[in-house]
Amino acid sequence: MDWLTTVDHKKIGILYLIAGGLFFLVGGLEAILIRIQLMQPKMDFVTAQTFNELITMHGTTMIFLAVMPIIFALMNAIIPLQIGARDVAFPFLNALGFWTFFFGGLLLNLSWIVGGAPDAGWTSYMPLASNTYSNTHGVDFYSLGLQIAGIGTLLGGINFLVTIINMRAPGMTFMRMPMFTWAVFITSALILFAFPAITVGLVLLTFDRLFGANFFEIANGGNAVLWEHIFWIFGHPEVYILILPAFGIISEVISTFSRKRLFGYSSMVFATILIGFLGFMVWAHHMFTAGLGPVANALFSIATMLIAVPTGIKIFNWLFTLWGGQLTFNTSSLFAIGFIPTFVMGGVTGVMLASAPADFQYHDSYFVVAHFHYVIVGGLVFGLFSGLFYWWPKMFGRVLNEKLGQLTFWTFFIGFHMTFFIQHFLGLMGMPRRVFTYLPNQGFDTMNLISTIGAFLMGVGTIAFLINIAVTNAKPKNAPNDPWVDGRTLEWTIPSPAPEYNFKQTPLVRGLDAYWKEKMAGNKEVPAAEPVGSIHMPSPSIIPFMMSVGLFIAGFGFMFAKDEFASSFVGMLFNNYIVAILGLVITFGGMFLRSVFDDHGWHIEPEELEDKGVKA
């Protein structure tokens, strides 16, 4: 019950981590099945239909339900600690965000069991996603599941924007914020502007499919290219929503394990802002072959190439931070160092794809698959592994096993490059994306086999990580405040794992890298900005969970409203929208209860603070 009702940002971070981890395993399993099918020419491991469902669900699960929540896990666990805050701005909203995400993801994945998984690709292009070509409920699961999950992401973005603007400790000006906090701040702003676009698109798609509207139905005067615009106006900023937090993690890790302050801090901040800004200007580079004309293609080409400039600034600053630093090689820093060349390779192929004439050749080939996996896996997932190894002791009070960590790094790193490096050449030789099989003797056979072996190696790395978690979990919680000894930011000043109230006294920040600055001045801890007093805490609540269950039920209700059922009673419930209305009543009932009953929270008194055993 404690976990169902919690509004504590650290527990919500752990919930995000568990849910994201589960979806990551599901997405990984889907990837392995895809690679087995492509291991040899003319394989019939899965049918063409199942293959389409697998590639659709793999992309959708990984991007929306696996890496996003793991990013949110780190945001929740670390941001309030980094800025010296006792909680996020809206704890209730934070819980609601998690549960809507979770039930949206659950709804989407139930499609495997009920009524067929979505099969129109993770971009769900029309007219493939229309009732004409996709006549199961798969795409309905996609549109409703992602709408519910998207509510959670949007709430999270708003919450962290307000938290970072309003709740920084005294003395922490914007230009003293840690780089990870900056990255999350820009990411939250991107979420605020990008997610409404996909929400609108999914609503229109739902209306097309469930209520016979004609937004994208070409036969009835709709426009299929409109969906591409709506999707990519969200889809390109989404790439930066994913990668910017990873940039922030890499900045923290490299600076800590080089024992140096981050080189060019202010230029890093402006590069991050610029990447966020330009991220909205480039969406049509996904549509160079859609026939938008030379002017549009040229403009979007140039805008795309421009993004390489702030990204290049970041790469050089990381290299200069490493240069001459006292390097510590552990799993976290290895993932961070491995991230740099890997991400550069992804970036270089991105600039190649940004050239519209060249893109006509690369488009929809395996070259594109290789490119975005280099950016998303080689960039984002390496960054997330680095961050998890780095902040694990702060979240769980235990340091992960180093030997198993190194095993994870080397198997995952080598497996990754084996899988995707070779796909560039497959693409250049003409292997198209999204094909479920290919003919022998086209030069694809050996490369596909190597790619599949690499995918299995990545699987081994992931299993090693899971074993590491299990082994570490059996040990006592004995991590010190600052297990790396060289911690630079405020989260390393408090016990691991952090107590319920985070900071006994709000810290006073006297410069960039607040904790490091005090260490250099010979102080054991950061000075306090206030005397010890009673601390206000938000009350737990079951309402976020109930509201999300309501949306989940409503999603099912709308989806099956037109179906025939064997039982007339069940048919009556669905066909008259009774199930859908019931779900909405639960959700709006939760909103009503939240509005009517004032909840003033509770207080931890100073004498309880001394008694660490009770609360911590």
Side-chain angles (χ1 to χ4, degrees), residues 59 62-64 67-68 71-72 75 122-123 150 153-154 156-158 160-161 164 179-201 228-251 267-288 292 296-315 317 339 343-344 346-356 359 368 371-381 383-384:
M62 281 306 202
I63 286 182
F64 293 102
V67 288
M68 277 300 278
I71 289 169
F72 266 92
M75 282 162 69
W122 80 273
T123 53
T153 310
L154 196 54
I158 295 168
F160 281 100
L161 268 180
I164 294 170
M179 217 40 239
F180 180 60
T181 306
W182 258 114
V184 168
F185 183 56
I186 305 297
T187 300
S188 303
L190 292 181
I191 287 173
L192 188 63
F193 289 108
F195 266 79
I198 189 73
T199 308
V200 168
E228 294 189 28
H229 279 293
I230 292 175
F231 185 87
W232 288 118
I233 282 177
F234 147 80
H236 203 83
E238 166 69 7
V239 176
Y240 296 100
I241 289 170
L242 296 175
I243 202 68
L244 286 178
F247 284 175
I249 293 167
I250 299 301
S251 302
S267 63
M268 288 294 251
V269 170
F270 289 116
T272 309
I273 295 169
L274 198 56
I275 289 172
F277 178 73
L278 288 173
F280 277 97
M281 312 275 164
V282 298
W283 80 88
H285 70 206
H286 296 269
M287 301 162 57
F288 280 151
L292 299 178
N297 281 4
L299 286 173
F300 281 104
S301 255
I302 294 162
T304 307
M305 291 178 184
L306 276 177
I307 288 201
V309 178
T311 313
I313 291 172
K314 285 182 160 304
I315 300 286
N317 283 350
F339 165 97
F343 189 78
V344 169
V348 168
T349 50
V351 176
M352 291 168 71
L353 288 161
S355 167
D359 187 75
V368 181
H371 157 70
F372 71 71
H373 281 89
Y374 259 81
V375 178
I376 298 296
V377 186
L380 172 64
V381 177
L384 289 178

If the condition is side-chain hydrogen bond (donor to acceptor under 3.5 Å, both in side chains), which residues does [X] pass it with, not counting sequence neighbours?
{"X": "Trp122", "value": "none"}
{"X": "His229", "value": "Trp283"}
{"X": "Ser267", "value": "Asn317"}
{"X": "Thr311", "value": "none"}

| field | Ring geometry between Phe280 and Phe193 (parallel below 30°, tilted from 30 to 60°, perpendicular above 60°) | value |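 Plane angle over 60°, so perpendicular.
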Tell me every residue that passes side-chain contact (heavy atoms from CB on, under 4.5 Å) with [X], counting only those two or more places apart in sequence or in another chain.
{"X": "Ala189", "result": "Leu161"}
{"X": "Thr304", "result": "Val282, His285, Ala354"}
{"X": "Val368", "result": "Leu353, Phe372, Arg433"}
{"X": "Val348", "result": "Val344"}

| field | Qualifying residues under ring-ring contact (aromatic ring centres under 6.0 Å, His included), relative to Phe160, sequence neighbours excluded | value |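 Counting only residues at least two positions away or on another chain, Phe160 forms no ring-ring contact (aromatic ring centres under 6.0 Å, His included).
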| Within residues 182-194 or reaching into it, pairs that qualify as side chain to side chain donor-acceptor pair (under 3.5 Å) - sequence neighbours excluded |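 Qualifying pairs, neighbours excluded: Trp182-Tyr265.
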| message | Looking at every non-hydrogen atom in both residues, tell me the closest pair between Phe231 and Ile198 and how far apart they are. | response |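 Where Phe231 meets Ile198 most closely, the heavy atoms are CD1-CD1, 3.6 Å.
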| message | Restricting to non-hydrogen atoms, name the atom on Pro196 and the atom on Ile191 that form the minimum distance, rounded to 0.1 Å. | response |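 What the structure gives for the nearest pair is CD-O, 3.8 Å.
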Tabulate below the donor-acceptor pairs under 3.5 Å that side-chain atoms of residues 239-250 make, not counting sequence neighbours, or state none.
from: Tyr240; atom 1: OH; to: His236; atom 2: NE2; distance (Å): 3.2

